[in-house]
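Side chains included, hydrogens not; waters and symmetry mates left out as well; all remaining heavy atoms used. All residue numbers in this chain count up from 1 along the given sequence.
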Amino acid sequence: MINKGELIDNRYKIVKSIGEGGMANVYLAWDTILEREVAVKILRGDLSNDEKFVRRFQREANSASSLRHPNIVEMYDVGEDDGKYFIVMEFVPGKTLKSLIKKRGALTLTETLDIMQQLTSGIICAHDSYIIHRDIKPQNVLILEDGRVKITDFGIAMALKSNEITQTNSVMGSVHYLPPEQASGAGSTIKSDIYSLGILMFELLTGKVPFKGENAVEIAIKHMKDPIPSVCNINPMIPQSVENIILKCCAKNPKNRYDSVSEMYEDLKNCLKEEKSNEERLVYKYPEHNTDNTKTISRLESREIRNKNNNDDNEEKSNSKLNLALKIAGIVCISIVIIGLAFIWVFSLDNTKDVYVPNDLLGLTEKKACEKLKKSNLNCEVEYSYSEEYGDNGVMSVSPKSNTKIKSGNTVRIVVSTFKETIEVEDYTKKNLDTVTLELENLGVKVVKISKKVTKDDNIEENTIVGQNLEPGSRLPKNNGVIELTYATLITVYPDFTDGTYTKDLIEQFCDDNKITCIFKEEEDNNYKDGAIIMQSRDIDSEVKAGTTLTITIAKNKEKTIIDNNSDKLDQDGEEG
């Protein structure tokens, strides 16, 4: 355990513990050089002497350090300090998606689609960099107060372009989100991430995972054999076009899944469009089950089923013992296979030549430092920071630090000091985005714009800046700085038309104002007052989009219908109605 106030690598001052995992502990720390909060992940003491775990831990940073995306937690530094192996990451003050699901259960359709679009955007970036995450689950997704999500823990990610990829990738992901091919011991591909994204989307919409069991083996068998439950049956308000995305992600046969996360992203954007409203349930093109990959587990499963169906008391006791033995044997066999695959995978990695980070980079100019790194077959990445101590254009920090052994071709980040050409970051919140963007771009600062949807109830004007990633008072280089600004996008959302305050006329006016088509239909229901609005086809608080259709269901009392019919009959007979 690391104590509060302890200094890691003479730079990162520990503030407090913020999480513990199976392989590492995570701490909030203060970067004393760049003066910012960071998260420091430190390999557990009992594992730091295990070469296999150290190599895997270091691969986490090496695989993810190249990724730059608003929905991916950024890696800043990696190194070793007095036997402590550490990774320094962007500190994200949020909670995990899993904790949100536990607190609220199922999320709304609008929330789910927004989160999934952000997740797929981040995973597209990783896949474009030849990196598979391989452990996508809500525990590895952080959600901020403004609704942004950040993917973390690329601890078992692997570079697709690397020659180290074999068919013996170990099964490491959480079993509730485990693709069938990984459960059967096969290798991971980008389609493995797609499967896990589909399971996560199922959980967001339903508040629960699709497959449960008494042990990991039982759950793995269900991933391999059982079709995913229908979200439309669980919640009939979910459109078929949305369920089809989950079905396509969670196909047992990878051939039936999306070919890329980009295809999934496009479907997430378009699934609520009018042309998708009558979409039929997805039918798979290829057979779903590959018996060659799962025959061992299938035999185990079938024998368990036969034993359970035996009604003879004496045989039931015997079969129960056999069933237990088979389960134990199955667990042992699969565990041996998994451990074996992990062993082969870990020790077959990293054939690339080792090189050392040059030890004389501090104080050099940016140009000379990058030239030295290039001669050592290392890539150079530059970050700028305000500093009077090191002067203008002097290297003040190196990550990984000097004399660290890393793989040839990896990237070393140098922090170059500057004090002549910097600007002080202001508090841009509550200001107009276009005005601030023009001001910053004139100073050579790149502005990354992030939209946040707001409604009239939020009392925020369109295009107003509501957040920024840099604290006021920090400094940016004029011609190399980057800042993220979050701005308000005003949207209209569907109110609760069933709350008793809306009449048919008011709903028609709402639809006319927002250029949507409104359809009214009657449904016999004596539990409601005649003429009461009892159902609406669009989720409450979901975004209103022009050109779509809203269906409103109005209650019609059966007794009133009978009276009306009798009245008509009396009128026809000449009696008073």
Side-chain angles (χ1 to χ4, degrees), residues 1-21 23-51 53-67 73-92 152-155 354-364 366 369 372-373 376 378-387 389-390 394-407 410-417 474:
M1 195 73 177
I2 309 299
N3 297 320
K4 178 180 178 181
E6 189 170 339
L7 204 60
I8 303 298
D9 201 30
N10 292 317
R11 176 174 178 177
Y12 307 106
K13 188 174 183 179
I14 299 299
V15 177
K16 63 178 180 179
S17 171
I18 55 176
E20 297 182 3
M23 193 172 73
N25 297 325
V26 186
Y27 300 87
L28 173 64
W30 179 254
D31 184 341
T32 58
I33 293 179
L34 297 182
E35 297 187 339
R36 63 183 177 184
E37 288 183 322
V38 293
V40 178
K41 179 177 281 190
I42 300 179
L43 187 64
R44 272 181 24 207
D46 55 330
L47 298 176
S48 59
N49 295 323
D50 189 322
E51 185 180 351
F53 283 99
V54 169
R55 290 171 66 189
R56 187 194 308 165
F57 186 78
Q58 291 175 322
R59 273 198 309 277
E60 174 176 351
N62 289 334
S63 64
S65 62
S66 62
L67 298 178
V73 173
E74 188 174 355
M75 295 284 190
Y76 295 142
D77 193 5
V78 59
E80 180 267 335
D81 180 20
D82 193 24
K84 301 183 187 73
Y85 293 89
F86 65 88
I87 296 172
V88 182
M89 303 172 290
E90 169 190 9
F91 172 63
V92 180
T152 187
D153 198 358
F154 280 79
D354 287 331
V355 296
Y356 288 89
V357 178
N359 63 359
D360 54 354
L361 297 178
L362 293 180
L364 294 182
E366 174 188 338
K372 270 189 169 290
L373 289 170
S376 298
L378 294 169
N379 297 317
C380 180
E381 182 176 302
V382 182
E383 181 178 326
Y384 299 89
S385 178
Y386 175 78
S387 171
E389 178 184 352
Y390 282 85
V395 175
M396 55 187 286
S397 175
V398 181
S399 175
K401 65 182 183 179
S402 297
N403 292 323
T404 300
K405 182 166 57 173
I406 60 176
K407 296 299 178 184
N410 279 2
T411 298
V412 174
R413 178 183 295 186
I414 60 174
V415 179
V416 176
S417 66
S474 57

Novice: Measure the spacing between CG of Asn403 and CG of Asn359 and express it to the nearest 0.5 Å.
Specialist: 4.5 Å
Novice: Does some side-chain heavy atom of Asp31 sit less than 4.5 Å from a side-chain heavy atom of Asp77?
Specialist: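 No, too far: nothing below the 4.5 Å cut-off.
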Novice: Just checking Asn10: does its CG atom have more than 12 heavy atoms from other residues, nucleotides or ligands closer to it than 6.0 angstrom?
Specialist: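 Open: at most 12 neighbouring heavy atoms sit under 6.0 Å from CG of Asn10.
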Novice: Evaluate the side chain to side chain contact (heavy atoms under 4.5 Å, CB included) criterion for residues Thr404 and Val78: first the C-alpha distance (whole Å), next the side-chain angles of each, then the deciding distance (0.1 Å), finally the verdict.
Specialist: CA-CA 10 Å; Thr404 300; Val78 59; over 6 Å; no
Novice: Would you give the length of the straight line joining atom CG of Asp81 to atom CZ of Phe86, rounded to the nearest 0.5 angstrom?
Specialist: 6.5 Å
Novice: Check whether any side-chain heavy atom of Ile2 sits under 4.5 Å from a side-chain heavy atom of Asn25, and report yes or no.
Specialist: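 Side chain of Ile2 against side chain of Asn25, heavy atoms only: no contact under 4.5 Å found.
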Novice: Do Trp30 and Glu35 pass the side chain to side chain contact (heavy atoms under 4.5 Å, CB included) test, and can you show the C-alpha distance, the side-chain angles, and the key distance before you say yes or no?
Specialist: CA-CA 7 Å; Trp30 179 254; Glu35 297 187 339; 3.7 Å; yes
Novice: Within a 6.0 Å radius of atom NZ on Lys401, are there more than 12 heavy atoms belonging to other residues, nucleotides or ligands?
Specialist: yes
Novice: Heavy atoms, side chains only, cut-off 4.5 Å: are Lys407 and Asp354 in contact?
Specialist: yes
Novice: Are the side chains of Tyr12 and Tyr27 in touch, meaning some heavy atoms are under 4.5 Å apart?
Specialist: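 Counting from C-beta outward, Tyr12 and Tyr27 never come under 4.5 Å.
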Novice: Do Asn410 and Val355 have side-chain heavy atoms sitting under 4.5 Å apart?
Specialist: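 No, too far: nothing below the 4.5 Å cut-off.
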Novice: How far apart are the closest heavy atoms of Asp82 and Glu80, and which atoms are they?
Specialist: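 Minimum heavy-atom separation between Asp82 and Glu80: N-OE2, 3.3 Å.
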Novice: Closest heavy-atom contact between Thr411 and Glu381?
Specialist: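 Shortest heavy-atom separation between Thr411 and Glu381 comes out as CG2-CB, 3.7 Å.
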Novice: Val412 pairs by side chain to side chain contact (heavy atoms under 4.5 Å, CB included) with which of Pro400, Ser376, Pro358, Ser402?
Specialist: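 That would be Pro400; it is the only one of Pro400, Ser376, Pro358, Ser402 passing the side chain to side chain contact (heavy atoms under 4.5 Å, CB included) with Val412.
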Novice: Glu6 pairs by salt bridge (Lys or Arg N to Asp or Glu O under 4.0 Å) with which of Lys13, Arg11, Lys84?
Specialist: Lys84
Novice: Could you state the interatomic distance from CE (Met75) to OG1 (Thr152), rounded to the nearest 0.5 Å?
Specialist: 6.0 Å
Novice: Is any side-chain heavy atom of Ile406 less than 4.5 Å from a side-chain heavy atom of Leu378?
Specialist: yes
Novice: Nearest 0.5 Å please: distance from the CD1 atom of Ile33 over to the OG atom of Ser397.
Specialist: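 Output value for this atom pair is 4.5 Å.
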Novice: Would you indicate whether the side-chain heavy atoms of Leu34 and Tyr76 approach each other to under 4.5 Å?
Specialist: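 They are not in contact (no side-chain heavy atoms under 4.5 Å apart), so the answer is no.
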Novice: Are any of the side-chain heavy atoms of Ile14 and Ile8 separated by less than 4.5 Å?
Specialist: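 Yes, their side chains come closer than 4.5 Å.
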Novice: For the CD1 atom of Ile414 and the OG atom of Ser399, what is their distance to the nearest 0.5 Å?
Specialist: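 OG of Ser399 is found 11.5 Å from CD1 of Ile414.
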